[in-house]
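Only one structure is covered here, and it is reproduced in the block below.
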2 protein chains.
Amino acid sequence: MKRTHLPLNGLRVFDAAARHLSFTRAADELAVTPAAVGQHIRALEDLLGVVLFRRTTRGLELTAEAEAALPSLRLGFSHFEQSVALLQVGQASTVVTISAPASFAARWLAPRLAAYRAQNEGLSLRLFASTGPIDFTQANIDLAILHGPQAPDGQPSHLLQGMRWRPLLRRMCVRR
Amino acid sequence: MKRTHLPLNGLRVFDAAARHLSFTRAADELAVTPAAVGQHIRALEDLLGVVLFRRTTRGLELTAEAEAALPSLRLGFSHFEQSVALLQVGQASTVVTISAPASFAARWLAPRLAAYRAQNEGLSLRLFASTGPIDFTQANIDLAILHGPQAPDGQPSHLLQGMRWRPLLRRMCVRR
DNA sequence: TATGGTTACGGCGAACGTAAGCATT
DNA sequence: AATGCTTACGTTCGCCGTAACCATA
């Protein structure tokens, strides 16, 4: 089946139900009702033309087909989790990415940053030298320092040493 | 991020957009509009707090974070595809699973089946000896042969040699 | 002017919950 | 009775399309 048409949500429900061997407990994990789980599994079985579970009066048993497919499915989820984890590297609260003009970064910021780093064990600072106007949609910047006559489009800025220091929050924060 | 909360559909859109480096072409692949793709990507970026694409006026560029996450994401999809393929083993039109009483299978069916096999190169027949009443929700049976005074719950059946031969189609077929 | 991403808004259908039912222990 | 899957039915909300907008080449 082509990637475009994979029943992703159905597969997730299948994985949960198979791990718990119970629609009820799977529903609990997924924060839905058992009926919703049953509907997903039924839809998946109908779509693929394969019975996934033998329904016994006390719980479930996996069919041979389901058993065969589960290892790959779980590998798939593991890779998805890893992928999202990689996306969120730099999102950990201990990593801050700062953009600043190259000269300012070198002469003013870097020395103070070194001291700050020394005092904050475990805090990771990434420093980017900016070349032009900062666009928070262009990179994953947490904090930008730049200079100019005025802050663009009314974003909050603070005067810093005769320069303007602009704590332009990244979109994640700005948007509640 | 926990498996339960992975934004699966968003990740699929991300994968498509990253492969094409274009929301428009990704939308084409996914059979939706570019607006829908943009909405998914935006939602994913907001959810994860990560910018995935630099929007240039002519197309897209991947951010470093996105670049780092893509290999795992694609591995994940590959495993999902393999998993579904495994589920559908036995669904290929060249594989038919037949359930029949053990004695009937051995004495009547097996010899004829052998001949039929010989005449139909590439057709794979799986034969299951049934022990009790057939329940199509209990296994992945394509065709069941059994005997008794009457077919259960009005499912279509054909008289076969003084026994009742019941072509109880599996759910996939019955339900259009 | 053509291309392509962005935004606002409204409609529709899939997904869900509720509640009742059924089978088994 | 208690557990647990199933089914019917009504509702809701997420996804999508439309259409207008904006920026660049």
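Here is the naming used below: chain letters follow the sequence lines, and residue numbers restart at 1 for every chain. The model shown is predicted, which means the values in this text are computed figures rather than measured ones.
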Check your understanding: Taking atom P of C:dG5 as reference, at what distance in whole Å does atom CD of B:Glu45 sit?
Key -> 13 Å
Check your understanding: Is any side-chain nitrogen or oxygen of B:Arg55 closer than 4.0 Å to OP1 or OP2 of C:dT6?
Key -> yes
Check your understanding: Atom CG of B:Leu11 and atom CG of B:Leu70: how far apart are they, to the nearest 0.5 Å?
Key -> 10.0 Å
Practice item. Dump the intermediate steps for side-chain contact (heavy atoms from CB on, under 4.5 Å) on B:Arg55 and B:Leu60, then the final yes or no. Key: CA-CA 5 Å; B:Arg55 278 75 162 174; B:Leu60 306 169; 4.0 Å; yes
**Study point:** Test item: A:Arg3 side-chain N/O and B:Asp15 main-chain N/O as donor-acceptor pair under 3.5 Å
**Key:** no
**Study point:** Length of the line joining B:Ile41:CD1 and C:dT7:P, which is rounded to integer Å
**Key:** 14 Å
Review point. What parts of residues 12-31 of chain B reach DNA chain D, counting only heavy atoms under 4.0 Å away?
Key: B:Ala31
Review point. Does the side chain of A:His40 get closer than 4.0 angstrom to OP1 or OP2 of C:dA14 through an N or O atom?
Key: no
Exercise for review: Look at the side-chain N and O atoms of A:Thr57 and state whether any lies under 4.0 Å from the OP1 or OP2 oxygen of C:dT24.
Suggested key: no
Practice item. Determine the interplanar angle of the B:Phe77 and A:Phe80 rings, folded into 0 to 90°, and report it as parallel if under 30°, tilted if 30 to 60°, perpendicular if over 60°. Key: perpendicular
Check your understanding: Quick one: A:Leu8 CG to C:dA15 P, roughly how many Å, whole number?
Key -> 11 Å
Point to revise | Main-chain N/O of B:His79 paired to A:Ser72 side chain as donor or acceptor, under 3.5 Å | key: no
Review point. Please give, in whole Å, the distance from D:dG14 P to B:Leu47 CG?
Key: 13 Å
Check your understanding: Where the side chain of B:Ser78 meets the backbone of B:Arg74, is there a donor-acceptor pair that is under 3.5 Å apart?
Key -> yes
Study note, to complete from the structure: To the nearest angstrom, the CG-P distance between B:Leu60 and D:dT24 comes to 15 Å
**Study point:** hbond_proxy B:Gln39 side chain to D:dG17 base (donor-acceptor, 3.5 Å cutoff)
**Key:** yes
Check your understanding: Does A:Arg42 place a side-chain N or O at less than 4.0 Å from the phosphate oxygens OP1/OP2 of D:dT7?
Key -> yes
Exercise for review: Grab the CG-C1' distance between A:Asn9 and C:dG13 for me, whole Å please.
Suggested key: 15 Å
Exercise for review: List the atom of B:Arg54, the atom of B:Thr63, and the distance in Å for their closest heavy-atom pair.
Suggested key: NH1-CA, 3.8 Å
Exercise for review: Compute the bend angle of the helix from C:dT1-D:dA25 to C:dT25-D:dA1 from the end axes (five pairs per end), rounded to 10°.
Suggested key: 30°
Review point. Of A:Ala35 and A:Arg58, whose nearest nucleotide on DNA chain C comes first from the 5' end?
Key: A:Ala35
Point to revise | Short side-chain to backbone donor-acceptor contact, B:Arg12 and A:Leu6, under 3.5 Å | key: yes
Study note, to complete from the structure: Value for OG1 (A:Thr4) from CD (B:Glu29), rounded to nearest 0.5 Å, stands at 4.0 Å
**Study point:** Rounded distance (Å) that lies between atom C1' of C:dA23 and atom CZ of A:Arg54
**Key:** 18 Å
